[in-house]
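Here is the structure we will look at, set down as structure tokens.
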Amino acid sequence: LMVWEVCSPRDYLVTIEEKSKATFLRAYMNWRCMSAGSSRVCVRMVGHKMEESYSETLKEQMSIVEMPLSDPPLCISCCPVNGDLLVGCKNKLVMFCLKYLVINQNLTVLDFERSLILHIDNLIPAEVAFCARHIAITTELDVLILKLEVVQQSADRTEQCAHRVNEGPSTHTLQLELDEFIVCQKPVELLGEESKLCEIPITLESTELLTEDTKRFQVRYLRFTPDQSPFGFCEETKLHSVQLLPVYQTGSVTAHEETENKKELLSLFCFFSLPHVGYLYSVGKLVELISTYQYSEKSEQAVLTPQFLHVITSENLQCFTVRCSAAAARDEDPYIDTTVKACPPVALDVCTLRMQLFIGPRAICHFRNHIILLTKADMEDITERRKPTRRMLSRKADSIKSRTNSESEPGWNLYIINTVSTVQLYREMVDYSRTYENVKTESCIHLLSEAHLLVRAAIMDPCFLTSDEKEELLRAFRESCAFLGDCYSRFDTKDYHLALPYYRMSGLSMTEVLKRLVSEGDEMQTYEKGFVFYLTHSLNEDLNEELSKESANKVLQIFYLADPVQLPHILCSPCMRNVCPVTAVKYLQKVEKIMPSVVLTLTKAFMALKMGDLTMYELEMDSYKETILACGFIGQPKLLRQRKEGMVLPTEFAVHLKEMQPGLLVAATVALHENSKIELEEADTFFKLLCSNSGNAIPQLLVDFWEALLVVCSQEEILQELLLRVTSQYVWRISKQQLPETKPLKTTEDLINSCNHFGLIFPWVTSIMSVGSPSDKDYGDDISKLQSLLCSQSIDIASALPVLEPLTEAGNVGLTIHVLCNTRLGKYEEAIDQLLKRCPDAAVLYAQHELKDDNRVVWWNKLLPELCKRTRLTGNDCPGLISSLKEALSVVAMELELKDFLSLLPEDGTAAFFLPHLLHCSQRKLLT
């Protein structure tokens, strides 16, 4: 037996065996039957069809699958994601895809299909690693990391693919400070035409049957080559222990075999080692060197796990921490490295956890929470070294089990080492970190970061959801976040801002954090930037937590000592609701002497209201003009509004302003909206709650806000929304004969003078309203505001028509609304018909105002004929029509030629009535 490997996802064993100078590649399926006592064995060739009667026995026997190759196999690797097999031979790599053979309804067996051959010139692979279409190959001098990328199918079965190459030029070097300098090239990606510089051509040969599902691949790769000068190749530069380690999405699968194929790959890492140094790369989305491991002595072999790197040397087993979980966490969660979440940096220096002496370690592998170690000691070593070993990965001596066979060759031992549970090792690291706690060094943060990453790696394990330690791990995770938050709060460090995300992830309340960090009765305690940063952000957010009076007063004292500028803002936090206002005013007065501001004055006024001291309140509010006070609320909107469970709530300050200074309240809210401190819908809720209105009832103060916002609003979308809202409210009040509950802050004249969206009311509208009903005068302000809006060019009439519908039949008000809408829509003839029918006295006045330029033809095409027709029908009973007809004749006589004017006159008309207008038209012609 030369090489063997167990495939975890599909539970088969693959070996390279040598017999009679011949080398065989074999896969052992259903091999656990042998350990269960069954001695039946089936031998078959890969891909050969099995007879159904013969295959029925496969359920209860081990199957040996022979896989013939044209060249002797040198190394093998199984993909931990899907179970595919990769075989390394001289100048080529052969990939076997795992597949299921359905024998009958009750029997399905595993088999292989040779699917792809990678031909690589001048390559003799020493080791290979295979995972998720990534291939890592080591030779004596190089590490190549290949990635197979699916491309569109080609008609050729064999194709030469374009390469995207990562190759290390000699100008980029990494100097390693060891006993001897070993200089290794740093990888730099070469793209496009530069890839032709690669001296290792790769040809892909597809060997599977062509189907619709056949995949074609191309290759890109990273190359790592130690600098051999000036020594040439020697044992000091021999590469070994290449591995590809997948990390999956957190909790993406359970431990059950039937869901193993549903694991979602998150990140991929590659490790390889020189005798004195190891390298860990991230090779997923980006190729990046994560960690460098320097060994105390020459290494023989290493094995990488998500939590540790285990390395054997000639005399001991070493354990190092890894950064895979830190890198994978950033791939998984975009909120890492923000104020929401944090994770120790990938670049954090690695630690040596423990070292344990062994006699002659030869090979090492890892399985779950076990390290399997094979050793071989010479006879003199066995007699000389009987000293007790130092503890490394286990807590008890009986956790290391040795299996020896007295009949075998002396000195061979197999050790199964049970690793310490994650929670237990985490506790040890936390306890050890406390030795550095009082000296405030980065060592404490480093140890706690290692402990945090250890727990995070365990949580990212696919079996985490079904782990017996699940609750313990989650508790340890939150606890580690709290410990890190404490460190960044207490220590003077450049990364002090990390206190905030770590405390957030810990789940601790602000009160609990205060208890952890604030000493009772210590007036001289100093507070570092991290703690102040955490408190500032936590208090400025809309949290539902209310601090007790004692805690709130303590926070007040902390900020007065550490950051007095923040005092006004801190006092406006909902968390500080229970703070003593008298104490707050004393602190504010001290700060005001040094740094006065409008926000500070408003905060003092707010505290005066809480104290019930209206004299002090008025004194503070009189310190500045209303316009300055309104802008001051922009600096701290929480003086007026606070959020609770996503809802905007008015403060006591806003309630007082509503009663005493509603104009200031509206102006301040407009300023907040224009500075993106409050949304339009939030303002609606704010005023409804402030005025105790629920449902669809619109308080007058909200209408005042809309009108004031129209004056300054520049966004067309919001502008049209506001215009529709005020229009709807005017229409509702007029149609329901509902008066506003408070006096409007602005009259129609005020709005016309200050806002472009309210226009001057047309004379013909005023003429119609002059003969209106007395009841219209009760709602004159709403009527005139609505008419003023429609007299401007701002509102979109088409959108407003459904809102205006209730008023179209409402007397003279409805007439003016209807005619205004038709005019804005260009329907002049319909407007004239409505006026002649309901208010003919205003028809000519309307025409004089509206029928200009291109619309003057309506005078003689519509207005004059209609006036003549209606006058003939009514005779002398309607003097208003006769008066309008005379006005229309005077205008038309000035516009038309005599012939055209004469053709418009009725044939049965009274000559004496029309003659003056005919004479006027003819004289105008003679004069011109």
Side-chain angles (χ1 to χ4, degrees), residues 630-631 633-634 637 640-641 648 650 654 658 662-691 693 695-736 738 740-761 779 781-807 817 820-821 824-825:
C631 294
F633 287 105
I634 300 173
L640 291 181
R641 61 106 183 102
V648 174
K658 172 216 164 199
L664 174 58
L665 176 63
V666 169
T669 312
V670 169
L672 293 181
H673 179 274
E674 288 304 287
N675 286 273
S676 303
K677 302 293 185 180
I678 191 170
E679 300 294 331
L680 189 58
E681 296 300 330
E682 291 177 337
D684 291 355
T685 305
F686 172 79
F687 280 109
K688 286 181 180 179
L689 291 173
L690 189 63
C691 301
N693 286 55
N696 295 323
I698 306 296
Q700 175 58 39
L701 206 57
L702 178 55
V703 179
D704 291 330
F705 166 72
W706 290 340
E707 292 174 348
L709 194 55
L710 280 171
V711 177
V712 297
C713 183
S714 58
Q715 300 179 48
E716 183 63 27
E717 185 178 348
I718 295 178
L719 177 63
Q720 290 300 325
E721 176 67 21
L722 288 171
L723 289 169
L724 286 176
R725 289 187 182 195
V726 294
T727 300
S728 176
Q729 186 61 17
Y730 298 152
V731 169
W732 183 82
R733 285 181 184 169
I734 296 168
S735 62
K736 301 295 183 181
Q738 184 75 38
E741 71 277 11
T742 59
K743 183 180 178 181
L745 294 178
K746 289 190 176 184
T747 63
T748 306
E749 186 178 355
D750 294 333
L751 290 172
I752 292 173
N753 292 332
S754 63
C755 182
N756 295 330
H757 310 300
F758 287 85
L760 286 170
I761 298 177
Y779 315 99
D781 203 35
D782 287 329
I783 294 171
S784 60
K785 285 180 181 179
L786 178 60
Q787 291 171 340
S788 176
L789 268 181
L790 297 176
C791 287
S792 75
Q793 298 297 314
S794 298
I795 192 169
D796 182 359
I797 290 295
S799 301
L801 284 177
V803 177
L804 296 167
E805 187 64 31
L807 292 183
I817 301 304
L820 281 168
C821 291
R824 286 285 306 279
L825 295 172

Taking atom [atom1] of [X] as the centre, report whether more than 12 heavy atoms of other residues, nucleotides or ligands fall under 6.0 Å from it.
X	atom1	answer
Asn756	CG	no
Lys658	NZ	yes
Glu721	CD	yes

Examine distances only and state if a side-chain atom of [X] and a backbone atom of [Y] form a donor-acceptor pair shorter than 3.5 Å.
X	Y	value
Arg641	Lys677	yes
Glu741	Gln700	yes
Ser792	Leu789	yes
Ser788	Leu760	no
Gln720	Asp796	yes
Asp704	Leu745	yes

Minimum heavy-atom separation for [X] to [Y], with atom names?
X	Y	value
His757	Leu719	NE2-CD1, 3.3 Å
Pro699	Phe687	CG-O, 3.9 Å
Gln787	Ile817	CG-CD1, 4.3 Å
Ile795	Arg824	O-NH2, 2.8 Å
Lys746	Ser754	NZ-OG, 3.9 Å
Leu680	His673	N-CD2, 3.8 Å

[atom1]/[X] to [atom2]/[Y] distance, rounded to the nearest 0.5 angstrom?
X	Y	atom1	atom2	answer
Ile718	Leu710	CD1	CG	11.0 Å
Leu640	Thr669	CG	OG1	6.0 Å
Ile678	Phe686	CD1	CZ	6.0 Å
Lys785	Thr727	NZ	OG1	12.0 Å
Ile761	Cys791	CD1	SG	6.0 Å
Glu674	Ser714	CD	OG	6.0 Å

Stepwise side-chain contact (heavy atoms from CB on, under 4.5 Å) check, Val670 with Val711
CA-CA 10 Å; Val670 169; Val711 177; over 6 Å; no

What I want to check is whether the side chains of Trp732 and Asp782 have a donor and an acceptor closer together than 3.5 Å.
no

If we only count heavy atoms from C-beta on, is the [X] to [Y] side-chain gap below 4.5 Å?
X	Y	answer
Leu722	Cys713	yes
Leu672	Glu682	no
Ile698	Trp706	yes
Val803	Tyr730	no
Leu723	Ser794	yes
Pro744	Asp781	yes

Do Arg725 and Glu681 sit within salt-bridge range, that is, some charged N less than 4.0 Å from a carboxylate O?
yes

Could you walk me through whether Leu665 and Leu701 pass the side-chain contact (heavy atoms from CB on, under 4.5 Å) check?
CA-CA 9 Å; Leu665 176 63; Leu701 206 57; 3.9 Å; yes

Where do Leu790 and Leu804 land on the side-chain contact (heavy atoms from CB on, under 4.5 Å) test, with the steps shown first?
CA-CA 11 Å; Leu790 297 176; Leu804 296 167; 4.1 Å; yes

